[in-house]
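Okay, structure first, notes after.
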Amino acid sequence: MKQIRSVKGTHDILPKDSHNWYQLESIIHNVCAKFGYKEIRTPIFEETNLFFRSVGEDTDIVSKEMYTWKDKNGTSLTLRPELTASVVRSYIQHNLGSQSPIQRLYYIGSLFRRERPQKGRQRQFHQFGVEAFGSEYPEQEAEVVAIAWHIILQVGLLKKAKLQINSIGSAKCRSTYQQALKDFFSPHLAKLSEVSQKRLIKNPLRILDTKNKEELSILKNAPRISEYYSKEDKDHFEEVKRFLKNMDIPFIINPTLVRGLDYYTKTVFEFISEDLGSQNALLGGGRYDGLVENLGGKPIPGIGFAAGMERFLLAIKENKLEFKPQPPDIYFICLDRSGIATLLNIANKLRTKGYIIISDMLRKSMKAQFKDANKLGARYVLILGEDELKNHTIGFKNLINGNQKNIKQENIIEFFNNLKN
RNA sequence: GUGGGUGUAGCUCAACUGGUUAGAGCACCUGUUUGUGGCACAGGAGGCUGUGGGUUCAAGUCCCAUCACUCACCCCA
């Protein structure tokens, strides 16, 4: 019979790795809490229309990468390929804006895109991200970037992650710029790739982040978005930069950074890491002042970012910054079957006091149990054998220095509490 | 969707131009120590060499197909 494997592009998170996920998640929760952001959890699938209207029908994500099916009642449903759309939907649906003019949210969850897997890219993958609704001011950019910066600091990747920022202007200046790009590229039409030719019509901005060498050389002389900023756009971007400098968050300006989703406006940014291979974006985001309105809400400005959990963990691993799993405090050894009930009872009492205790389930030899204790990194071993049972005591051994003594069973909790101090 | 690379033990990898029973390290189990871990030594278990076909006296090795994994393009976290 053919063995069933996990589906292409999906991965099991095995016990030897799961603690790394747990640690990363707890850093995310802690940092977000420091900024007053609250977690939001939305369903894993949505109506397909949500992504048409937010991400954009012409993007690759929507046009060829979504897992979409028809529900029994005929509605088209889709496994979410990104999370901003869902969060905005939820924000509008529950009228969160009326509870407070500022909504600071963050999320952690699975996403699905049907792409060819490669390093740092899977079909089911995980992102965390933040979304802040309500403020049009540049300090909101500063705050959101600072959250990203703090998380990167906490996981130890600050030296490896480079922040790039750009402004793609507000909707008005962007449309004149797009026209300018069309005018500029038209004479070079023949030299452009097929994809770029299509983009020239639909979304000329996207030509800017091409990797094609020939196109890059044409690009050198292309008009810059910065020449088309309105005064307001320009001032806004200057303020963002000033605030970041004041927080000592280093960045470089990348005028070709445009990002692939349709909804971005003004500030866009990415943290790049060189340890990720070709898919080098660790985290990316930007402002999306029109999105809430686009999806049927009030004209509320918003800004956020999304970060790849797998990419974070990959970079953490490459830099040997992996978290240490928590070892048990105590390994409880039983030598005599008649002692099992007593062992389970005492172990449970110690657990209610907060100790992590592991005991053998295979009735192994004492030697094998000691080996387990050592392998698991337990600090202490408790031993319950014939003699101890007879005398109502427990053998105690410190595995670090080898010291050993006998303790009365009734005093065991007190003994450990004193040990801690 | 397109292109390259790789498939041998749980993991990392050996096996000269095709040649006898496919090996090693790590991990696992047991023992040296009948109630004491790490270290050392000894032993054990674990394989349809991804799958199917072909060439050959003979295939892990060569050829074809297929599947899987992987990297890259496109695009994105």
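These numbers were taken from a predicted model, which means no experiment stands behind them. Side-chain atoms are counted along with the backbone in the values below, which use heavy atoms only and exclude waters and symmetry mates. Sequence lines set the chain letters: A, B, ... in the order given, protein chains first and strands last, and positions in each chain run from 1.
Nucleotides B:U17 and B:U32 place their C1' atoms 47 Å apart, quoted to the nearest Å. Nucleotides B:C16 and B:U6, compared at atom C1', are 22 Å apart to the nearest Å. B:A72 and B:C29 have their C1' atoms separated by 43 Å, given to the nearest Å. Nucleotides B:A22 and B:G60 place their P atoms 10 Å apart, quoted to the nearest Å. On the P atoms, B:G5 is 16 Å away from B:U66, given to the nearest whole Å.
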Distances under 3.5 Å between nitrogen or oxygen atoms of protein and nucleotides 1-12 of chain B:
from, atom 1, to, atom 2, distance (Å)
B:U2, O4, A:R116, NH1, 2.7

What's touching nucleotides 37-43 of chain B from the protein side, N or O pairs under 3.5 Å?
from, atom 1, to, atom 2, distance (Å)
B:G37, N7, A:K397, NZ, 3.3
B:G37, N1, A:L399, O, 2.6
B:G37, N2, A:N374, OD1, 3.0
B:G37, N2, A:L399, O, 2.8
B:G37, N3, A:N374, OD1, 3.2
B:G38, O4', A:N374, ND2, 2.8

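Judged by atom type and distance alone, A:Q404 reaches the base of B:U36 through a side-chain donor-acceptor pair under 3.5 Å. At a cut-off of 3.5 angstrom, counting only N and O atoms as typed in the model, there is a donor on one side and an acceptor on the other between the side-chain of A:R311 and the base of B:C76.
Sorted by first and then second residue, the side-chain hydrogen bond (donor to acceptor under 3.5 Å, both in side chains) pairs involving residues 24-34 of chain A (not counting sequence neighbours) are A:H29-A:Y106. Sorted by first and then second residue, the pairs that involve residues 304-337 of chain A and meet ring-ring contact (aromatic ring centres under 6.0 Å, His included), not counting sequence neighbours, are A:F128-A:F312.
A distance of 10.5 Å separates CD in A:Q23 from OG in A:S18, rounded to the nearest 0.5 Å.
Applying the side chain to side chain donor-acceptor pair (under 3.5 Å) rule to A:Q179 yields the partners A:D183; only residues at least two apart in sequence or on another chain are considered.
Here A:L283 lies in heavy-atom contact (under 4.0 Å) with sugar-phosphate atoms only. Contacts of A:G129 with the nucleic acid, taken as non-hydrogen atoms under 4.0 Å apart, are absent. Using a 4.0 Å heavy-atom distance criterion, A:I383 is classed as a base contact. Across all strands shown, A:A373 has no heavy atoms under 4.0 Å from either base or sugar-phosphate atoms. Residue-level contact check: A:K16 touches neither bases nor backbone, having no heavy atom under 4.0 Å from any strand. When heavy atoms are screened at a 4.0 angstrom cut-off, A:Q369 is found touching no nucleic acid atom at all.
Side-chain contact, A:Q124 with A:S110: a donor N or O sits under 3.5 Å from an acceptor N or O. Side-chain contact check for A:T78 and A:T68: at least one donor-acceptor pair (N or O, by modelled atom type) lies under 3.5 Å.
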Query raised in the report: How does RNA chain B look in dot-bracket form if you count Watson-Crick and G-U pairs under 3.5 Å, write [ ] for pairs that cross, and put | where a base pairs with another strand?
Result: (((((((..((((.....[...)))).(((((.......))))).....(((((..]....))))))))))))....
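Proximity note for A:H11 (side chain, C-beta onward) versus B:U70, B:A72, B:G35: the nearest is B:U70.
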Query - Verdict with supporting geometry, A:T84 and A:E131, side-chain hydrogen bond (donor to acceptor under 3.5 Å, both in side chains) - result: CA-CA 7 Å; A:T84 300; A:E131 313 288 355; 2.8 Å; yes
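At least one side-chain nitrogen or oxygen of A:Q118 sits closer than 4.0 Å to the OP1 or OP2 atom of B:A72.
Put simply, the side chain of A:D17 never gets that close to the backbone of A:I13: no donor and acceptor are under 3.5 Å apart.
Between A:Q122 atom CD and B:C69 atom C1' the separation is 13 Å, expressed in whole Å.
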